[in-house]
Amino acid sequence: MDHTGAPDFAALQAAISQGTTRDLVYFVFDQLFADNEDLRPLPLAERKARLKALVAKAPANIRFVDHFLSAGEAVLKSACRMDLEGIVSKRLDAPYRSGRGDSWVKCKCRQGHEVVIGGWTTTGDAFRSLIAGVNREGQLVYVGRIGTGFGREALARVMPRLKALETDASPFKGKGAPKKAAGVHWVRPELVAEIEYAGFTGDGAIRQASFKGLREDKPATEVQAEAPAATGLREPARASVLPRGSRPVMGVTISQADKPLWPDANDGKPVTKFDLARYYEAVGAWMLPHVKGRPCSMIRMPDGINGAQTFFQRHGAKGQSALITEVEVWGDRKPYLQFDRIEALVAAAQSGAVELHPWNCAPFAPEQPGRLVFDLDPAPDVDFAAVIESAREIRDRLAQLGLVSFCKTTGGKGLHVVTPVMGQGVDWPAAKAFARDLCKAMAADAPHRFLLNMAKKERAGRIFLDYLRNDRMATAVAPLSPRGRPGAPVSMPLGWGQVKKGLDPATFTVRTVPALIAKSTVWEDYCDGERPLGLAIQRLGEVEGESPILENPDHAFVAVPYVNIRPSMGGGNHIDMEPDYGRPYHFQKSWIKQGLKTDPSNLRIMHVEGDSMTPTLNSGDVVLVDTSRRMPTPPGIFVLHDGMGLVAKRLEHIPNSDPPQVRIVSDNTHYSPYERLVDEMNIVGRIRWFAREM
DNA sequence: GCGGCTA
DNA sequence: TAGCCGCAACGCTAA
DNA sequence: TTAGCG
């Protein structure tokens, strides 16, 4: 089952091929025999009743497939709304007969979930996409390419099958058939793939198709093009039972559909609730991958952007649409909102959600960084050209560190630079530290252009580099989310080619964006742009040039982020450091082996006599003091910071350990802000690493 | 927009 | 029953 | 420590 508890064909295949079948659930829907008794002549109702009684005594991973005794159409509709594949309707009084007959009917929510593989494409040696078709009147007709959804493993399974079937001639016939070109390989049309897709392009090809698995049980000849109207979720009729003023969008009732939320979308016409719902419907397929699987708050303005009511909602509430997922998040009592399907976005529109603000975690992994967002927030008097210039600079700096980035408007005067990352093994404090350091480096190189401090935002014609979007529970406005501001602007994804003179964020509105995004290819390689964040962090460290650790077994080590330390050059051979909190530190220059450039403001790493710190520090202890939090450090409590955001409290030398090791002393629990982190992270292991490094 | 609480 | 009231919560900096 | 900010 997938995370929502719905059956997932791709997951089933993966589980079988990996042999991880422990969590599989076995669904039983009919019983043909009981011991030696043949139940097939019995009516279905009778068979299912017996089966239900039987399964009641079975283990929990064997489940009885219940049924609805009601109008099939209504059941189908809600099944489709729940993202299920479809329903099977059966005659209650019919005996069991093999094969197709008139005693049962299958209705799918969407068709075209299966396609025939007619070839694949490569760039160089690397696999690019599958070329897919369906049978229509005896010919294999091209329906599009499938470029995503392949795990490394799935690919490894599929490639040999493809190569075995490779042939010189294209299997496709008819108009629109793909031409032979460099990197195109044909196969005999025998493999069937299960896919998912977001809709159709103008010329009828499948859009945003992703691979779910090979369909071993189905011969290619059975994959027929069907008349589009024959199946699929029909638009619900304008039922007369709907209250006055209400109108459905994707099956979701929009009440007060004509109520204006924005008085004017820069075209003199108001944007109504209905318009907003249709907007989400139109851009949902594009938007969803950036929202799905992440806790997401919404800004709701049920009375419009000038209405009295404006509020922020992050938790589920009573009476909210069942289409919206609720997710439990560590450390929060109430479940968060999450939007996992387009209908959920439409439901958001019904509740007056004019903005969506998802977390930046990896999908369905709330603790893991999935993207970084750099928010360029210009002071009012800054020329937009400077913002553009700066976004490109961030892109270049990220590229130097091996990261791929994408740009979007914020819907206001700023720009967002978004970089998808693989955050495995990197926690949020580390990711944030990375974002901060990168922004700090920019500000250091051009202090007249940038500042990191939001409080001084209004000062001078500078751009506020807001790295604080990059934290566990921090959010940034979603791509394609509207903004609750005059003109109904949208946070518009851009190609870097558009990020140049003449770009006007105000042209992207709820009205204009659906058409623009439909024929746009911007961000199409967003998923391929994922790069390991850990590596980038390492590289940034190398660029900055210092190791945070310095060896000297005779002394305690202290790494002090210089930002909050005011060094006073005392001349001679010592330096006094006066932190904002705590007592001053006294350093002999001769103690410093590395990491100190001639300019004392570059001072980051130094070691110090145990004495001058505090009496509780033993010689040989490893202590990195994180003063960036600007918190008074109570006597005897130390905070450990490995330059990647690790935080701990007091450390103690482990006697006779070789290499020298330290451990956390878990007393003084009154100092709680760090408590959580200490428990949360596997700190001891990393401290060992520290000790080894030394 | 809507459920829950209060006047 | 009409009307009112929530509907978030971080880190960071200046005061 | 608090207020203000995004």
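Remember, predicted model here, so these are calculated numbers, not experimental data. So that the names make sense, note that chain A is the first sequence line, chain B the second, and so on, each numbered from 1.
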| query | Under 4.0 Å: is that the gap between some side-chain N or O of A:Asn453 and OP1 or OP2 of C:dA14? | reply | yes

| task | Would you please confirm or rule out a distance under 4.0 Å between OP1 or OP2 of C:dA8 and any side-chain N or O of A:His315? | result | yes

| Of all the choices, C:dG11, C:dA8, B:dG1, which nucleotide is nearest to the side chain of A:Asp471 once you look at every atom? |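 Nucleotide nearest to A:Asp471's side chain: C:dG11.
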
| Taking the side chain of A:Leu468 as heavy atoms from C-beta outward, which of C:dC7, C:dA8, C:dG11 is closest to it? |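 The listed nucleotide nearest to A:Leu468's side chain is C:dG11.
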
| said: Determine whether the aromatic ring centres of residues A:Tyr336 and A:His315 are separated by less than 6.0 angstrom. | reply: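 Ring centroids of A:His315 and A:Tyr336 are less than 6.0 Å from each other.
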
| query | Can you list the residues that meet the salt bridge (Lys or Arg N to Asp or Glu O under 4.0 Å) rule with A:Asp264, with sequence neighbours excluded? | reply |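 Residues passing salt bridge (Lys or Arg N to Asp or Glu O under 4.0 Å) with A:Asp264: none at all.
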
| field | Pairing residues for A:Arg449 by the salt bridge (Lys or Arg N to Asp or Glu O under 4.0 Å) criterion, not counting sequence neighbours | value | A:Glu393

Measure the distance from [atom1] on [X] to [atom2] on [N] and round it to the nearest whole Å.
X: A:Trp359; N: C:dA9; atom1: CH2; atom2: C1'; answer: 11 Å
X: A:Phe464; N: D:dG6; atom1: CZ; atom2: P; answer: 9 Å
X: A:Tyr467; N: C:dC10; atom1: OH; atom2: P; answer: 17 Å
X: A:Ile299; N: B:dG1; atom1: CD1; atom2: P; answer: 17 Å
X: A:Leu452; N: C:dA14; atom1: CG; atom2: P; answer: 12 Å
X: A:Arg436; N: C:dC10; atom1: CZ; atom2: P; answer: 20 Å
X: A:Glu355; N: D:dG6; atom1: CD; atom2: P; answer: 14 Å
X: A:Arg472; N: C:dC10; atom1: CZ; atom2: C1'; answer: 11 Å

| request: Taking atom P in both B:dG3 and C:dA8, compute the distance separating them and give it to the nearest angstrom. | output: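 To the nearest whole Å, 16 Å.
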
| Considering only the C1' atoms, how many Å lie between C:dA9 and D:dA3, rounded to the nearest integer? | 16 Å

| field | Geometric cation-pi criterion A:Arg395 and A:Trp496, 6.0 Å radius, 45° cone | value |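 Judged by the rule, A:Arg395 and A:Trp496 form a cation-pi pair.
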
| With respect to A:Tyr279, which candidate in A:Val249, A:Val271, A:Leu480 satisfies the side chain to side chain contact (heavy atoms under 4.5 Å, CB included) definition? |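 Going through the options one by one, the only one that passes is A:Leu480.
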
| field | Residue pair A:Pro482 / A:Tyr280: nearest heavy atoms and the distance that separates them | value |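 It is CD-OH, 3.7 Å.
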
Please write out each protein N/O paired with an N/O of nucleotides 2-7 of chain B under 3.5 Å, distance rounded to 0.1 Å.
none

| field | Backbone of A:Arg469 reached by a side-chain donor or acceptor of A:Asn360 within 3.5 Å | value | yes

